[in-house]
There are 2 protein chains.
Amino acid sequence: MDIQFFQTFLIVAKLGNMTQAAEMLNFTQPTITGQIRTLEQHFGVKLFDRVGKKLYITDAGKKLINYSERLLSVYNEAQEELSIHPESKFRHCNNNG
Amino acid sequence: MDIQFFQTFLIVAKLGNMTQAAEMLNFTQPTITGQIRTLEQHFGVKLFDRVGKKLYITDAGKKLINYSERLLSVYNEAQEELSIHPESKFRHCNNNG
DNA sequence: TACATTTACGCTGCGCGTAATCATG
DNA sequence: CATGATTACGCGCAGCGTAAATGTA
């Protein structure tokens with residue numbers, strides 16, 4: 001499981017919109033769909049309810065938000081401490097390091 | 001960056017031996033080398049000093065042990081809470097959840 | 001019709017194993 | 001020569017983008 005997928009999930013969850021998440025992350029819309037689907041299949045849970053165009057996060061999704069934040073926080077912290085020049089891909093979402 | 005690589009790193013660091021790590025993780029020796037190398041290149045640091053056949057973990061490596069443990073801990077916790085039947089690939093190393 | 005997500009599909013690159021090579025004791 | 005790490009190399013598949021399809025307002 002790539003750490004990137006958790007970042008994607010966080011952005012989608014917070015924006016409630018895959019299109020905007022795709023733009024923010026410099027991916028395409030179908031790629032976002034695929035990444036979310038990969039997470040859902042991996043954990044065996046549905047992360048969003050798709051009602052029309054709207055995304056409603058599920059209870060499992062809400063839980064994963066917390067884990068994703070912690071995961072990325074640790075990852076970013078590692079990058080910042082180990083690397084002199086971290087890639088900083090996820091820093092905009094690291095709000096508890 | 002795949003979460004698996006952190007697990008591999010932890011095992012190698014604790015065993016001080018890539019061959020044994022490969023056996024434990026059901027990978028081959030060259031695969032372990034590649035995964036460690038990927039981590040080293042990604043973070044831009046050397047994780048082990050190779051002196052003959054011996055591996056000596058570097059200061060950066062020692063730091064990454066801590067981050068890897070925390071990362072896998074969060075990941076396993078997520079799996080255990082979200083999935084009814086987690087894959088449990090990393091449970092044998094999750095000692096602080 | 002406009003907009004957002006999903007599906008279909010081909011392609012590229014990463015990561016794997018096998019085999020060969022290097023290096024130490 | 002035995003053992004362990006690395007390098008070389010080919011292959012398979014995961015994940016990407018483009019294009020088409022589906023579904024709502």
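In what follows, chains carry the letters A, B, and so on, assigned in the order in which the sequence lines appear, proteins first and then strands, with residues in each chain numbered from 1. Hydrogens, waters and symmetry mates are skipped; everything else that's a heavy atom, side chains included, is used.
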Rounded to the nearest angstrom, tell me the gap between atom [atom1] in [X] and atom [atom2] in [N].
| X | N | atom1 | atom2 | result |
| --- | --- | --- | --- | --- |
| B/Lys46 | D/dA5 | NZ | C1' | 14 Å |
| B/Gln4 | C/dG15 | CD | P | 12 Å |
| B/Lys54 | D/dG4 | NZ | P | 10 Å |
| A/Phe6 | D/dG15 | CZ | P | 12 Å |
| A/Ile32 | D/dG15 | CD1 | P | 13 Å |
| A/Arg37 | D/dC16 | CZ | C1' | 16 Å |
| A/Asp49 | C/dT6 | CG | P | 12 Å |
| B/Ile36 | D/dT7 | CD1 | C1' | 17 Å |

Nucleotide of [options] approaching [X] most closely (side-chain heavy atoms):
| X | options | value |
| --- | --- | --- |
| B/Thr28 | C/dG17, D/dG15, D/dA19 | C/dG17 |
| A/Thr33 | C/dT6, D/dT6, C/dG17 | C/dT6 |
| A/Lys53 | C/dT7, C/dA2, C/dC16 | C/dA2 |
| B/Thr31 | C/dC16, C/dT7, D/dC16 | C/dC16 |
| B/Gln29 | C/dT6, D/dG4, D/dC16 | D/dG4 |

Does [X] reach a base, just sugar-phosphate, or nothing at all? Heavy atoms under 4.0 Å.
| X | answer |
| --- | --- |
| B/Thr19 | sugar-phosphate |
| A/Asn17 | sugar-phosphate |
| A/Leu55 | sugar-phosphate |
| A/Phe5 | sugar-phosphate |

Is the shortest side-chain heavy-atom distance between [X] and [Y] below 4.5 Å?
| X | Y | answer |
| --- | --- | --- |
| B/Ile32 | B/Val12 | yes |
| A/Leu71 | A/Tyr75 | no |
| B/Ile57 | B/Ile65 | yes |
| A/Thr38 | A/Phe9 | no |
| B/Leu15 | B/Met24 | yes |

Exercise. Would you say D/dC16 has OP1 or OP2 under 4.0 Å from some side-chain N or O of A/Gln35?
Worked result: yes
Problem set entry | Contact under 4.0 Å: A/Arg50 side-chain N or O vs C/dT6 OP1/OP2 | yes
Exercise. When you measure from the side chain of A/Ser83 to the backbone N and O of B/Gly44, does any donor-acceptor pair fall under 3.5 Å?
Worked result: no
Seminar exercise, completed: Nearest-nucleotide check on DNA chain D, A/Asn26 vs A/Val51; residue mapping nearer the 5' end is A/Asn26
For this session: Take A/Gly52 and A/Thr38, find for each the nucleotide of DNA chain D with the closest heavy atom, and name the residue whose nucleotide sits nearer the 5' end.
Result: A/Thr38
